[in-house]
Amino acid sequence: MKTEYIQFPVSSYLENNKLIKIPDNILDNSGYAHKVKLLIRRSFDFFLDQEIRINYISPVIHEKLTHTSNLITLKRILKETNESTGLLILPETIYPDFTHVKDFTKKVNNLDYPINAIFYSWLTFDNHDKICGTYSDEEAKNDTKNKDLLIIPLHNQRITQATDTYFLINNDDLYGEKYNANHRQWYGKILDYVMSFLILDNITNNENHIEEPGIPKLIYQKVEYDQNKIEFVQ
């Protein structure tokens with residue numbers, strides 16, 4: 001991809017791969033009531049002033065990430081991954097799966113919530129709780145392996161979050177689990193997509209990993225554009 005064609009949501013709010021302020025214009029474009037916008041703003045606490053990896057996903061890798069069954073045997077690798085914060089740019093628009101959302105299916109149409117980019121925060125339980133403001137020394141996990149994933153779905157210049165942030169958080173043990181349990185009814189499909197990327201990213205950067213048939217290692221093409229470093233993932 002030529003750099004003159006690089007476009008992605010919130011690009012004007014990123015400098016040197018850091019989110020310098022909450023993208024209020026994008027929030028305003030999203031059509032939420034004031035109370036809802038206040039709740040979504042809290043999710044951006046996970047991204048403000050953090051180092052944001054920006055990855056453009058190629059169609060070939062996108063296809064792998066879309067089907068969890070391709071990588072479920074490597075679920076254990078999520079325990080080995082490092083903490084990270086990033087923005088995934090997708091090669092096509094995808095939609096969450098709302099078929100298991102009880103009592104709301106007739107009212108909420110997943111086609112009204114398209115996604116072509118995903119903010120993600122991948123932190124240990126303790127570090128996640130610190131940003132949430134729920135951390136305490138007495139209840140600290142002191143565990144570096146288990147992690148929480150939080151996402152913010154976007155489409156062009158708007159946020160497309162359909163429900164409470166609670167349903168946009170999963171821990172690594174829930175990867176590949178059914179969508180009808182463990183508060184995965186709304187965004188289990190999208191959370192799994194991001195964790196699939198984290199698995200392949202770890203495999204690629206782990207020199208000790210033994211290659212497995214049908215499991216690709218990623219190829220990164222790195223460019224600098226408008227003060228940000230961007231990686232095209234193939």
Side-chain angles (χ1 to χ4, degrees), residues 7-55 83-90 93-96 98 101 104 107-136 139 147-171 174 183-195 197-198 226-228 230:
Q7 294 181 350
F8 55 89
V10 305
S11 58
S12 60
Y13 295 87
L14 286 165
E15 289 184 7
N16 298 314
N17 289 79
K18 289 192 175 183
L19 188 68
I20 56 175
K21 60 181 178 179
I22 293 175
D24 285 314
N25 286 347
I26 291 178
L27 268 172
D28 292 339
N29 291 341
S30 303
Y32 297 113
H34 178 67
K35 289 184 178 180
V36 177
K37 286 195 287 187
L38 291 178
L39 292 173
I40 294 175
R41 280 176 63 92
R42 295 178 186 174
S43 293
F44 280 100
D45 289 345
F46 286 83
F47 303 94
L48 279 173
D49 297 320
Q50 299 297 314
E51 186 75 20
I52 307 290
R53 285 186 67 188
I54 304 170
N55 293 109
E83 293 182 308
S84 60
T85 306
L87 177 66
L88 300 182
I89 313 298
L90 313 186
T93 296
I94 62 175
Y95 299 87
F98 292 161
V101 179
F104 291 93
K107 299 178 183 178
V108 182
N109 187 340
N110 68 326
L111 298 181
D112 293 331
Y113 297 91
I115 301 168
N116 62 7
I118 308 166
F119 261 128
Y120 70 88
S121 169
W122 180 244
L123 299 174
T124 62
F125 291 169
D126 286 343
N127 287 336
H128 180 96
D129 289 347
K130 287 175 182 177
I131 295 176
C132 287
T134 57
Y135 175 83
S136 69
E139 298 180 6
K147 298 178 182 71
D148 273 328
L149 173 66
L150 175 143
I151 63 170
I152 301 176
L154 305 106
H155 186 262
N156 298 336
Q157 294 299 319
R158 66 188 181 103
I159 295 166
T160 54
Q161 178 173 327
T163 187
D164 189 84
T165 301
Y166 173 81
F167 294 98
L168 287 89
I169 301 171
N170 263 188
N171 65 57
L174 297 178
H183 59 271
R184 286 169 53 81
Q185 298 95 330
W186 291 85
Y187 282 96
K189 172 183 174 182
I190 310 304
L191 290 157
D192 282 352
Y193 183 98
V194 177
M195 284 191 268
F197 169 76
L198 294 169
D226 197 19
Q227 302 183 64
N228 292 298
I230 299 172

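All residue numbers in this chain count up from 1 along the given sequence.
Put simply, the side chain of Leu14 does not reach to within 4.5 Å of the side chain of Gln227, judged on heavy atoms. Taking the side chain as every heavy atom from C-beta outward, His34 and Leu38 approach each other to under 4.5 Å. For the pair Ile22 and Leu48, the minimum side-chain heavy-atom distance is below 4.5 Å. When side chains are defined from C-beta on, Phe44 counts as touching Ile159, because their heavy atoms get closer than 4.5 Å. At least one side-chain heavy atom of Asn127 sits under 4.5 Å from a side-chain heavy atom of Glu83. For the pair Thr163 and Val108, the minimum side-chain heavy-atom distance is 4.5 Å or more. Within the 4.5 Å cutoff, the side chain of Gln50 has no heavy atoms near those of the Lys18 side chain.
A donor-acceptor pair is defined here as one N or O able to donate and one able to accept, closer than 3.5 Å; such a pair exists between the side chain of Asn228 and the backbone of Asn17. Between the side chain of Asn25 and the main chain of Pro23, no donor-acceptor pair closer than 3.5 Å is present. The closest donor-acceptor contact from the side chain of Tyr32 to the backbone of Gln161 lies under 3.5 Å.
Each of Ile190, Ile115, Asn110 was scored for a side chain to side chain contact (heavy atoms under 4.5 Å, CB included) with Tyr95, with one residue passing: Asn110. In summary, of the residues considered (Asn156, Thr93, Thr160), a side chain to side chain donor-acceptor pair (under 3.5 Å) with Asn116 occurs for Asn156 alone.
Two rings, from His155 and Tyr113, have their centers 6.0 Å or more apart.
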So Asn170 and Met195, side chain to side chain contact (heavy atoms under 4.5 Å, CB included) or not? Walk me through it. CA-CA 10 Å; Asn170 263 188; Met195 284 191 268; 4.2 Å; yes
The test is side chain to side chain contact (heavy atoms under 4.5 Å, CB included); show your working for Leu123 and Phe46 and say whether it passes. CA-CA 9 Å; Leu123 299 174; Phe46 286 83; 4.0 Å; yes
Any chance you could lay out the side chain to side chain contact (heavy atoms under 4.5 Å, CB included) test for Trp186 and Asp164, step after step, and finish with the verdict? CA-CA 10 Å; Trp186 291 85; Asp164 189 84; over 6 Å; no
Checking side chain to side chain contact (heavy atoms under 4.5 Å, CB included) for the pair Leu88/Arg53: CA distance, chi angles, key distance, verdict? CA-CA 8 Å; Leu88 300 182; Arg53 285 186 67 188; over 6 Å; no
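The aromatic rings of Phe119 and Phe47 sit tilted relative to each other, their planes meeting at an angle between 30° and 60°. A tilted orientation is assigned to the rings of Tyr166 and His183, their planes being inclined by 30° to 60°.
Listed here is the closest heavy atom pair of Gln185 and Val101: O-CG2, 3.4 Å. Taking all atoms of both residues into account, the shortest heavy-atom contact from Val10 to Gln157 is N-OE1, 4.0 Å. In plain terms, the two heavy atoms of Ile152 and Ser43 that are nearest each other are CD1-CB, 3.7 Å. For the pair Ile118 and Tyr193, the tightest heavy-atom approach, listed with the atom from each and the gap, is CD1-CD2, 4.2 Å.
Crowding of Lys21 atom NZ: a count of heavy atoms from other residues, nucleotides or ligands under 6.0 Å not exceeding 12.
To the nearest 0.5 Å, atoms CG (Asp126) and CD1 (Ile131) are separated by 12.0 Å. Rounded to the nearest 0.5 Å, atoms CG (Leu198) and CG (Leu149) are 7.0 Å apart. With values rounded to the nearest 0.5 angstrom, Leu150 atom CG is found 10.5 Å from Asp45 atom CG. Expressed to the nearest 0.5 Å, how far CG of Asp148 lies from SG of Cys132 amounts to 8.0 Å. For the atom pair CG of Leu191 and CZ of Phe167, the computed distance is 12.0 Å after rounding to the nearest 0.5 Å. Rounding to the nearest 0.5 Å places CG of Asn16 at 12.5 Å from CD1 of Ile52.
By the 4.0 Å N-to-carboxylate-O rule, Arg41 lies close enough to Asp24 to be salt-bridged with it.
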